[in-house]
Amino acid sequence: MSEDIVNDFEFKPVIIGTIISVILILIFPMGILHLFWVMIGSAVSGFLTVNSTKYALVYGAIIGIISSFFMLTVFTIPIYVILGVFGGFVGKVIQSNFVK
């Protein structure tokens, strides 16, 4: 059986990761720190997901896209998506290694 992202989509990790990322972006509005805030929000999202790593990567990309709108330039979207995917992967790896 293959996994279907439409049926297995979890809103809780995406919403919590997005809220964390957006709050940090709004509280600390320094340019280079936005990259770390996106990674932190995505890592939390990857940590909270109960599905496979593939879902954590998708959730991180979604958080990266949403967070990139706060920079108000189209050139940051790929960077935020890449860092979001990386953060989701890191969160999922931490979950799989430290949560039994």
Side-chain angles (χ1 to χ4, degrees):
M1 295 193 335
S2 66
E3 299 176 19
D4 187 17
I5 194 151
V6 176
N7 295 330
D8 296 336
F9 190 82
E10 301 173 72
F11 286 103
K12 185 180 87 172
V14 176
I15 291 173
I16 292 174
T18 303
I19 289 172
I20 289 171
S21 179
V22 168
I23 287 175
L24 288 173
I25 286 172
L26 293 176
I27 290 176
F28 304 107
M30 297 164 203
I32 194 71
L33 289 178
H34 283 224
L35 304 176
F36 296 112
W37 304 147
V38 172
M39 286 176 41
I40 289 172
S42 301
V44 169
S45 174
F47 184 80
L48 293 177
T49 186
V50 294
N51 292 328
S52 66
T53 306
K54 175 174 61 174
Y55 290 94
L57 300 178
V58 171
Y59 300 158
I62 291 170
I63 292 171
I65 291 170
I66 293 171
S67 298
S68 69
F69 292 123
F70 290 94
M71 283 300 287
L72 301 175
T73 177
V74 74
F75 299 114
T76 59
I77 293 174
I79 295 169
Y80 277 61
V81 169
I82 290 170
L83 291 174
V85 168
F86 179 70
F89 177 73
V90 168
K92 190 63 179 176
V93 167
I94 290 172
Q95 179 202 37
S96 65
N97 287 334
F98 296 111
V99 176
K100 300 293 180 192

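If you're wondering where the values come from, they're calculated on a predicted model, not measured in any experiment. The basis for the numbers below is simple: all heavy atoms, side chains too, and nothing from hydrogens, waters or symmetry mates.
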Set of ring-ring contact (aromatic ring centres under 6.0 Å, His included) partners for Phe28, sequence neighbours left out:
Trp37
Could you state the interatomic distance from CZ (Phe36) to CG (Leu83), rounded to the nearest 0.5 Å?
8.5 Å
Please report the closest heavy-atom contact between Glu10 and Leu48, naming both atoms and the distance.
OE1-O, 4.3 Å
Is Val44 linked to Ile27 within one hydrophobic cluster, defined over Ile, Leu, Val, Met, Phe, Trp and Tyr using a side-chain heavy-atom separation of less than 4.5 Å?
yes
Taking ring-ring contact (aromatic ring centres under 6.0 Å, His included) as the definition, give me every residue that meets it alongside Phe11, ordered by chain and number, with sequence neighbours left out.
Phe9
Are Val90 and Tyr55 connected, step by step, through hydrophobic side chains (Ile, Leu, Val, Met, Phe, Trp, Tyr) whose heavy atoms are closer than 4.5 Å?
yes
Which pairs, with at least one residue in residues 83-96 and sequence neighbours excluded, count as a side chain to side chain donor-acceptor pair (under 3.5 Å)?
Lys92-Gln95
Verify the cluster assignment for Tyr80 and Ile40: are they in a single hydrophobic cluster under the rule of side-chain heavy atoms below 4.5 Å apart?
yes
Connected via hydrophobic side-chain network under 4.5 Å: Val58 and Ile66
yes
Take Thr53 and Val93 through the test side chain to side chain contact (heavy atoms under 4.5 Å, CB included) and record every step on the way to the result.
CA-CA 8 Å; Thr53 306; Val93 167; over 6 Å; no
Listed pairs under 3.5 Å, donor-acceptor, residues 14-23 side chains, sequence neighbours left out:
residue : atom : partner : partner atom : Å
Thr18   : OG1  : Val14   : O            : 2.6
Ser21   : OG   : Ser67   : OG           : 2.9

Show the nearest heavy-atom pair for residues Gly46 and Ala56, with the distance to one decimal.
CA-CB, 3.9 Å
How far does OH of Tyr59 sit from NZ of Lys54, to the nearest 0.5 angstrom?
10.5 Å
Linking I/L/V/M/F/W/Y whenever their side-chain heavy atoms sit closer than 4.5 Å, directly or via other members, would Ile82 and Ile63 fall into one cluster?
no
